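This report concerns only the one structure given below.
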2 protein chains.
Amino acid sequence: MKDGPDIARLAALIGDPARANMLSALMAGKALTASELAAEAGIAAPTASSHLARLEAGGLVRQRRQGRHKYVTLAGDEVARVLEGLMGLAAGTGHLRTRPGPRDAALRKARVCYNHLAGDLGTRLYDSLAARALIRAEGESVSLTPEGAAAMAAFGIDVAGLSRGRAPLCRACLDWSERRTHLAGSLGRALLTRIEELGWATRQGESRIVRFSPAGEAAFRRDLAPI
Amino acid sequence: MKDGPDIARLAALIGDPARANMLSALMAGKALTASELAAEAGIAAPTASSHLARLEAGGLVRQRRQGRHKYVTLAGDEVARVLEGLMGLAAGTGHLRTRPGPRDAALRKARVCYNHLAGDLGTRLYDSLAARALIRAEGESVSLTPEGAAAMAAFGIDVAGLSRGRAPLCRACLDWSERRTHLAGSLGRALLTRIEELGWATRQGESRIVRFSPAGEAAFRRDLAPI
DNA sequence: CGAATGCTTCGGTTAGCATCGAAGTATGAA
DNA sequence: TTCATACTTCGATGCTAACCGAAGCATTCG
């Protein structure tokens with residue numbers, strides 16, 4: 001019974017450790033070059049080149065040539081969402097869960113999910129927006145209420161500009177650590193950008209960790225997520 | 001950068017064609033025996049036995065011995081959700097999308113997603129319940145409103161009994177064909193059961209297709225999803 | 001108690017693929 | 001032009017795992 005699309009091709013593509021490491025690295029949202037990805041995966045350049053060709057053929061990543069560099073990004077939000085879902089399952093069914101280190105704790109608190117905020121603070125933000133009726137969840141497609149649009153504008157976000165884009169404004173994304181939803185879509189991206197602009201948080205090196213300053217986290221809880 | 005859980009193990013597990021076919025077959029929700037799954041995957045019994053052992057070790061399926069049979073089911077809703085997500089991605093990025101046959105059309109209209117209703121009618125039901133404020137979506141966790149509980153009781157569902165269970169009553173599940181949400185959780189399962197009880201629809205053989213009778217579909221649209 | 005059915009273990013074969021070194025191509029810098 | 005860097009192609013190697021036949025248990029049926 002092969003009802004439905006062919007899963008195996010895609011899962012096998014993700015299922016190689018080297019490729020999985022590349023994809024995980026790309027979850028940080030930044031475009032990485034082929035050599036950087038090779039280093040991330042711990043493999044030689046030729047091997048990485050072969051893997052990247054397959055990932056692109058499989059539609060999981062996009063490549064953009066610039067000079068003699070080749071910049072690679074995830075192919076889109078949907079890919080990121082599926083990867084996040086797999087992480088959730090792997091975290092739950094994963095065998096012999098080792099004691100989470102400080103690095104892991106930081107990841108669970110706040111991290112980048114491709115281009116928006118995830119982790120404890122990410123889901124907290126989402127819940128708060130929903131509780132205050134600034135967003136309304138109608139299943140997968142989340143919409144911004146008029147009050148929400150006003151609040152976002154007050155926070156310094158060009159909602160009208162975002163709405164003009166082709167990408168959906170709001171989207172729900174399932175969090176692997178919290179097993180709850182956080183906000184994706186172009187608004188989710190804009191919020192994270194604005195948070196960084198305001199100096200509330202900075203990305204930690206090349207990792208997915210988003211490090212909030214004490215003052216930044218206080219401001220975040222006051223202005224964006226006052227439950 | 002191996003931030004986050006180990007995806008590769010899990011994806012590799014799903015990534016083998018034989019195992020993927022088994023998992024797809026199990027998405028129909030019914031428990032299948034090892035030999036049935038071997039037939040689904042088109043492999044010999046010993047091979048299937050090995051695959052099933054790995055799937056169980058990986059936490060993707062559960063096995064229950066009964067006499068000389070071994071009944072296999074998916075390990076839970078979360079597994080089904082991830083598989084459905086992979087199908088969505090595969091349907092989108094899948095190369096050379098063949099013209100959907102009549103079988104495919106039926107799948108897209110109404111099918112079983114592990115234990116609840118998915119496809120066009122599934123998302124329609126979800127949207128209708130949300131529009132009439134019978135359910136309220138707060139991200140991933142959907143809740144039943146008092147009005148919703150009354151409506152469900154009127155439809156012949158023992159809401160109180162379901163609430164006593166350990167499983168969540170409502171859950172959002174992303175649809176691979178519609179790319180929208182449908183209703184999972186114990187209420188989702190109960191609704192599908194009730195729909196079959198009323199004779200509105202029957203499962204098509206061993207496939208995931210749910211075949212509505214003309215009268216059944218009319219009743220469904222009138223009683224459950226009047227937009 | 002046989003006989004049949006369902007599943008599992010074992011051993012050996014095979015195919016696929018990840019891997020890297022070396023050589024090749026393109027871009028940019030000196 | 002010449003050299004260096006970034007990436008790709010090619011060829012060879014080695015490992016993993018999918019696969020099945022045969023034999024071994026366990027359960028059920030006659």
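So you know, we letter chains A, B, ... as the sequences are listed, proteins then strands, and number each from 1. On a predicted model such as this, the values are computed, not experimentally measured, just so you know.
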Could you state the atom-to-atom distance from CG of Leu55(A) to C1' of dA18(C) in whole Å? 13 Å
Take atom NE2 of His51(A) and atom P of dA18(C), then tell me their distance rounded to the nearest Å. 5 Å
Measure the distance from CD1 on Ile43(B) to P on dA17(D) and round it to the nearest whole Å. 16 Å
Whether Ser49(B) contacts dT8(C) is assessed here as follows: a side-chain N or O lying under 4.0 Å from the phosphate OP1 or OP2. Is that the case? yes
So what does Ser50(B) hit on the nucleic acid, given a heavy-atom distance under 4.0 Å: a base, only sugar-phosphate, or nothing? nothing
Please determine if Arg211(A) and Glu217(A) form a salt bridge, counting it only when a charged side-chain N lies under 4.0 Å from a carboxylate O. no
In whole angstrom, give the distance that lies between atom CG of Asp16(B) and atom C1' of dT16(D). 13 Å
Distance test, side-chain N/O of Arg19(B) to OP1/OP2 of dA18(D), below 4.0 Å: yes
So, is Arg54(A) near the phosphate of dA18(C), with a side-chain N or O under 4.0 Å from OP1 or OP2? yes
Knowing that exactly one of Arg108(A), Arg81(A), Arg111(A) qualifies, which makes a salt bridge (charged side-chain N to carboxylate O under 4.0 Å, His left out) with Asp175(A)? Arg111(A)
note: Arg9(B), atom CZ; dT16(D), atom P; distance rounded to Å ~ 16 Å
Per Arg68(B) side chain, nearest of listed nucleotides dT19(C), dT8(D), dT27(D): dT27(D)
It should be established whether His69(A) places a side-chain nitrogen or oxygen under 4.0 Å from OP1 or OP2 of nucleotide dA26(C). no
Would you kindly give the OH-to-C1' distance between Tyr71(B) and dG6(C), to the nearest whole Å? 11 Å
Taking OP1 and OP2 of dT27(C), is either one under 4.0 Å from a side-chain nitrogen or oxygen of Lys70(A)? no
Quickly work out the Leu37(B) CG to dG6(C) C1' distance and round it to whole Å. 13 Å
Parallel, tilted or perpendicular, judged at 30° and 60°: which one describes the rings of His182(A) and His116(A)? tilted
Glu84(B)/Arg208(B) salt bridge by N-O under 4.0 Å criterion: yes
Phosphate-side-chain proximity, Thr47(A) and dA18(C), N/O vs OP1/OP2 below 4.0 Å: no
Mapping Gln66(A) and Ala12(A) onto DNA chain C by nearest heavy atom, which one lands closer to the 5' end? Ala12(A)
Whole angstroms only, please: what is the CG-C1' distance between Leu13(A) and dC17(C)? 13 Å
From dT8(C), dT19(C), dT27(D), pick the nucleotide closest to the side chain of Pro46(B)? dT8(C)
Select base, sugar-phosphate, or nothing to describe what Ala18(A) touches, counting heavy atoms under 4.0 Å on all strands. sugar-phosphate
Ion pair present between Arg203(B) and Glu196(B), side-chain N to carboxylate O less than 4.0 angstrom? yes
